2 protein chains.
Amino acid sequence: MQADGRLPRYQRLRDEMVALIAARHWRPGEAIPTEQALSQSYGLAVGTVRKAVDLLVAEGLLERFQGRGTFVRRANFDASLFRFFRFQTRQGERRIPESRILRREVVDAPSAVAATLQISRTARVIQMSRLRLIDGVPMLAEEIWLPYARFAAFAKMDLDEVGDLLYPVYETHCNQIVASATETLTVEAIGARHARLLNIEPGTPAVVIERLAFGYDRQPLEWRRSRGPASEFIYQAEIR
Amino acid sequence: MQADGRLPRYQRLRDEMVALIAARHWRPGEAIPTEQALSQSYGLAVGTVRKAVDLLVAEGLLERFQGRGTFVRRANFDASLFRFFRFQTRQGERRIPESRILRREVVDAPSAVAATLQISRTARVIQMSRLRLIDGVPMLAEEIWLPYARFAAFAKMDLDEVGDLLYPVYETHCNQIVASATETLTVEAIGARHARLLNIEPGTPAVVIERLAFGYDRQPLEWRRSRGPASEFIYQAEIR
DNA sequence: TAGTGGTCTAGACCACCGC
DNA sequence: CGGTGGTCTAGACCACTAC
């Protein structure tokens, strides 16, 4: 866990601060120590502290308010839903879909999953099937894989405790915060098994979204593959 | 054109440098003056110059190389193609498709186009149809709209001068640089007209990508709608 | 070796906030 | 008013590049 001593100090301080936030030593909504205080306690110049804070502000972990202080950003679960759930109905509605976890089990990682999650081929993973519905109509059938090592607490949870969104649960119960993700979209004719789940005809065009979600430490946290009828959905992306 | 004197100096310097780049006083691929030289000629501390350069590096206009200098980013047309052309074949091939402009005319802006491009309802626009092919096989049928005011030079160009990529032409002939874009993906059954262009059966599932491209001034530059057979394509996006 | 950007310091003064 | 972050300065030393 020893950080590379050749990393710049502002990088090491940034990692230190991420750890404090992850450990809930600095809690969302709270102010962190002032730049002066940090510079003294870490023995760094204020400018160096500023650079570390700059990084975390850019990453969205901290928020600065002139004259008031610097605060740990409160995870906005609505916003994060829409950050990651880019589908919407043609009417532009963006409601949180109802979620039903159909299955959850701990299994040996299939090799493709282990490779994607960058874990050992002998590691265990949590595998889930989940159905997402709007107004009781199935919209997405999801398969989800989580590395057991990070999400052991989740494997033991009563499924009734899990609401419609997983990321808040990851955060509160497993201390795993999703910071970024990559998504790959394709279109395929839906297979018989998923057609049954989605209550559509086999062979209907379906959108497939594969999402790999990463934590603030840039390690893969979750892999999911979601399928839904292509006719219903709109996907938006920004390119910078 | 007088910049607001209340803006921080690094902001004003950043704006100054953007102007120099836009005016092609500093040209793509060339090194800009060293931080020392800039600090002297503008009468600023090196740290302040650094902050301005930091901004432009973050915006992608400049590139820094330790020990060599800071360079105006050469629009890497390959890279920019793949920044904006996120489709690829299932084999992972990412080749530049051949382009054929089928039609180009200057017309009154349809109201939806005027609204999207944020121009007057009485403004003129350039409208284009374009076909993109790989190995002679049609992959995408595109409709493109450009505000005439910014792209007048393009309207007069010989189409033989236009290569397979439009953004480089916008840059060299119209001084319009695409900095960012939003894309909206949907799937539809292809209509008869586009089916003919793409040489597929009417009703085949097709991906529709609507892209609105913006300049560095955050004004809309181009609106395009591309359609291609859904079976062929993969779309990748990053969420941050 | 000379010159570049990268890191870091130790201050100063300002604008803004909450009391 | 005192304390916060925001801006800015004027250096120092380091790592890397090109010659």
Side-chain angles (χ1 to χ4, degrees), chain A residues 2-18 20-21 25-74 218, chain B residues 2-18 20-21 25-74 76:
Chain A
Q2 178 68 30
D4 187 343
R6 289 167 304 181
L7 281 177
R9 300 198 197 184
Y10 67 85
Q11 269 290 354
R12 282 183 275 167
L13 177 56
R14 175 243 173 234
D15 294 345
E16 192 77 30
M17 296 199 291
V18 168
L20 288 170
I21 294 168
H25 187 237
W26 291 346
R27 289 163 187 278
E30 287 180 4
I32 70 170
T34 69
E35 299 178 345
Q36 281 296 338
L38 287 170
S39 83
Q40 285 183 17
S41 60
Y42 285 96
L44 297 171
V46 183
T48 306
V49 172
R50 276 193 75 75
K51 191 148 184 179
V53 174
D54 281 345
L55 288 178
L56 292 176
V57 170
E59 290 178 58
L61 273 148
L62 296 179
E63 237 172 337
R64 281 208 261 230
F65 299 95
Q66 180 170 156
R68 289 206 288 138
T70 302
F71 297 77
V72 179
R73 203 150 158 203
R74 213 177 269 291
R218 298 174 182 84
Chain B
Q2 179 67 30
D4 188 343
R6 289 167 303 180
L7 282 176
R9 301 197 196 182
Y10 68 85
Q11 269 290 353
R12 282 183 276 168
L13 177 56
R14 175 243 173 233
D15 294 344
E16 191 77 29
M17 296 200 290
V18 168
L20 288 170
I21 295 167
H25 188 239
W26 291 347
R27 288 162 186 278
E30 288 181 1
I32 69 169
T34 69
E35 299 178 345
Q36 281 296 337
L38 287 170
S39 82
Q40 283 183 19
S41 60
Y42 285 96
L44 297 171
V46 183
T48 305
V49 172
R50 275 193 75 75
K51 190 147 183 177
V53 174
D54 281 345
L55 288 178
L56 291 177
V57 170
E59 291 177 55
L61 275 147
L62 296 179
E63 234 172 340
R64 281 207 261 230
F65 298 95
Q66 179 171 156
R68 289 207 287 139
T70 302
F71 297 77
V72 179
R73 199 148 163 204
R74 197 184 282 288
N76 181 343

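Remember, predicted model here, so these are calculated numbers, not experimental data. Sequence lines set the chain letters: A, B, ... in the order given, protein chains first and strands last, and positions in each chain run from 1.
- Residue-to-nucleotide proximity on DNA chain C shows that, of A:Gly67 and A:Val46, the 5′-proximal contact is made by A:Val46.
- Residue pairs that meet the ring pair (Phe, Tyr, Trp, His ring centres under 6.0 Å) test with at least one member in residues 45-70 of chain A, sequence neighbours left out, are A:Phe65-A:Phe71.
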Inset, instruction - Just do the side chain to side chain contact (heavy atoms under 4.5 Å, CB included) check on B:Leu62 and B:Arg73 with the steps written out, would you? - result: CA-CA 5 Å; B:Leu62 296 179; B:Arg73 199 148 163 204; over 6 Å; no
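- When each of D:dT17, D:dG5, C:dG18 is scored by its nearest atom to the side-chain atoms of A:Arg68, the top-ranked nucleotide is C:dG18.
- Residues passing the side chain to side chain contact (heavy atoms under 4.5 Å, CB included) test with B:Ala37 are B:Pro33, B:Thr34, sequence neighbours excluded.
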Inset, instruction - Map every base of DNA chain D to its dot-bracket character, where paired means a Watson-Crick or G-U wobble contact with both distances under 3.5 Å and | marks a partner outside the strand. - result: ||||||||||||||||||.
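- With sequence neighbours excluded, the residues satisfying salt bridge (Lys or Arg N to Asp or Glu O under 4.0 Å) with A:Arg50 are A:Glu35.
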Can you give me the N/O atom pairs linking the protein to nucleotides 6-8 of chain D at distances under 3.5 Å, or say none if there are none?
{"from": "D:dG6", "atom 1": "OP2", "to": "A:Arg50", "atom 2": "NH1", "distance (Å)": "3.3"}
{"from": "D:dG6", "atom 1": "OP2", "to": "A:Arg50", "atom 2": "NH2", "distance (Å)": "3.0"}
{"from": "D:dG6", "atom 1": "OP2", "to": "A:Arg64", "atom 2": "NE", "distance (Å)": "3.1"}
{"from": "D:dT7", "atom 1": "OP1", "to": "B:Tyr10", "atom 2": "OH", "distance (Å)": "2.8"}
{"from": "D:dT7", "atom 1": "OP2", "to": "B:Tyr10", "atom 2": "OH", "distance (Å)": "3.3"}
{"from": "D:dC8", "atom 1": "OP1", "to": "B:Arg9", "atom 2": "N", "distance (Å)": "2.6"}
{"from": "D:dC8", "atom 1": "OP2", "to": "B:Arg9", "atom 2": "N", "distance (Å)": "3.0"}
{"from": "D:dC8", "atom 1": "OP2", "to": "B:Tyr10", "atom 2": "N", "distance (Å)": "3.3"}

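- Heavy-atom distances to DNA chain C give each of A:Gly47 and B:Gly69 a nearest nucleotide, and the one nearer the 5′ end belongs to B:Gly69.
- Partners of B:Gln11 by side chain to side chain donor-acceptor pair (under 3.5 Å), not counting sequence neighbours: none found.
- Within the structure, the ring pair (Phe, Tyr, Trp, His ring centres under 6.0 Å) test picks out no pair touching residues 35-54 of chain A (sequence neighbours left out).
- Legend: residues meeting salt bridge (Lys or Arg N to Asp or Glu O under 4.0 Å) with B:Glu59, ordered by chain and number and at least two apart, are B:Arg14.
- Every residue was checked against the salt bridge (Lys or Arg N to Asp or Glu O under 4.0 Å) condition with A:Glu30, not counting sequence neighbours, and none meets it.
- The separation between B:Gln36 atom CD and C:dT4 atom P is 8 Å, rounded to whole Å.
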